[in-house]
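If you're wondering where the values come from, they're calculated on a predicted model, not measured in any experiment. Order of listing sets the numbers, starting from 1, for every ligand and every atom in it. Position 1 is the first residue of the sequence, and the numbers go up from there.
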Amino acid sequence: MSETRHPHPSEVTPESIYVNRRTFIKRASLAGIGGSLVAGGVWARQKNAPRVEGTFDDDLTPWETVTGYNNFYEFGTGKSDPKKNAQDFRTDPWAVEVTGEVREKRTFPLEELIDGLTIEERIYRMRCVEGWSMVIPWNGFMLKDLIERLGPTEDANYIEFTTLLDRQQMPGQNSPILPWPYVEALRMDEAMHPLTILATGVYGKDLPPQNGAPIRLVVPWKYGFKGAKSIVKIRFTKRQPRTTWNEAIPREYGFYANVNPDVDHPRWSQATERRLGEFFRRDTLMFNGYGEVASLYEGMDLRKYY
Ligand SMILES: Nc1nc2c(c(=O)[nH]1)N[C@H]1C(S)=C(S)[C@@H](COP(=O)(O)O)O[C@H]1N2
Ligand SMILES: [Mo]
């Protein structure tokens, strides 16, 4: 990467929490990465072995941070609340309703919905609107592959994702901190971009509940809040759907939510970020470093469409 040199994480973090990708791969293969690693769950029932897609030289954020420092307001607003409060969350059986402008309009058991789709490992930089970032080895499939299978109609311009609404299991939904259930959406061309995935795993295991088990959206060039967790409904729409954070605080959270160091959040700058596990802040990169998506927004004023 051509950005200014930042200290190597091993220079500023204790060796024990420093995970090098190569060591990880070695360890993972020793443990037998993939289906045999865990019993039950979505990941284990996937027939195809994960394929590692591309290479990436940023160090991975350690498992403990990826699964212990989360935003999932259904389970509390503190960063350590989701891990604590989501442990008994039931993700099996799980079904996803597919509706709206689409040929295959019905409710699918999760296994059937994703059966046969190619699961890969995708190591993505993730950037939260709050200013922290991580590098996460997701396991998932291209949303595009699922969309092609479902067959949206010509009127499908957007795709909407809805999180489970369950006030018993998700205590946060008893407080009006957000309009529930959590909803996010993408324009169809964003959804069809090969970088956009639905993740079912992380670090070669099923997603832990706090990370959005059993299936969640991952869009690496957008702020983390676009990545709706624990999805129970996928709806194809003609018009731009209402989305949770945009509806809650429109001035602060736009529909597009593209990572953009030049457009500040009204209450803080978005120019830099703190990669969790590192000491010094890094410059935030346009589109979180995924410049290949720029063509999706050609001719759009990204200050207006933030
Ligand atoms: N349903 C739901 N999805 C959600 C959230 C949430 O509160 N509820 N938080 C979002 C935010 S703000 C971020 S930064 C990411 C965090 O994902 P992670 O905990 O797996 O890192 O999840 C996103 N998806
Ligand atoms: Mo976030």
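No hydrogens or angles considered: a donor-acceptor pair under 3.5 Å links the side chains of Asn71 and Lys79.
Given atom 7 (O) of ligand 1, the protein heavy atom at minimum distance is Tyr73 N, 2.8 Å. In terms of protein heavy-atom proximity, atom 18 (P) of ligand 1 is nearest to Lys229 NZ, 3.4 Å. The protein heavy-atom contact nearest to atom 9 (N) of ligand 1 is Asn71 O, 3.2 Å. Ranking the protein heavy atoms by distance from atom 15 (C) of ligand 1 puts Gly224 O, 3.5 Å first.
For ligand 1, the atoms lying closer than 4.0 Å to a non-hydrogen atom of Thr163 are 1 (N). When each atom of ligand 1 is checked for a heavy atom of Cys128 under 4.0 Å away, the hits are 14 (S). Interface of Gly227 with ligand 1, defined as ligand atoms under 4.0 Å from a residue heavy atom, comprises 4 (C), 22 (O), 23 (C), 24 (N).
Under a 4.0 Å heavy-atom criterion, Gly212 is not in contact with ligand 1. Look at Arg216 and you'll find a heavy atom under 4.0 Å from some atom of ligand 1.
With a 4.0 Å heavy-atom cut-off, ligand 1 is reached by the side chain of Tyr182 but not by its N, CA, C or O. Contact annotation: for Asn70 versus ligand 1, heavy atoms closer than 4.0 Å belong to both the backbone and the side chain. Using a 4.0 Å cut-off between heavy atoms, Glu74 contacts ligand 1 through its side chain alone, with no backbone atom that close. Residue contacts with ligand 1, taken as heavy atom pairs separated by less than 4.0 Å, do not involve Glu130 at all.
Taking the ring centroids of Tyr73 and Trp245, they lie under the 6.0 Å cut-off. Two rings, from Phe89 and Phe75, have their centers less than 6.0 Å apart. Aromatic rings from Trp132 and Tyr69 are positioned such that their centres are separated by under 6.0 Å.
By the rule that hydrophobic residues join a cluster once side-chain heavy atoms approach within less than 4.5 Å of another member, Leu110 and Val102 end up as members of one cluster. Each of Val183 and Tyr253 belongs to its own hydrophobic cluster when Ile, Leu, Val, Met, Phe, Trp and Tyr are linked at side-chain heavy-atom distances under 4.5 angstrom. Under the 4.5 Å side-chain heavy-atom criterion for Ile, Leu, Val, Met, Phe, Trp and Tyr, Trp94 and Leu150 are members of the same hydrophobic cluster.
Between the side chain of Arg216 and the backbone N or O of Asn211 there is at least one donor-acceptor pair closer than 3.5 Å.
Both tests hold for Arg125 against Tyr290: distance to the six-membered ring centre under 6.0 Å, angle to the ring axis within 45°.
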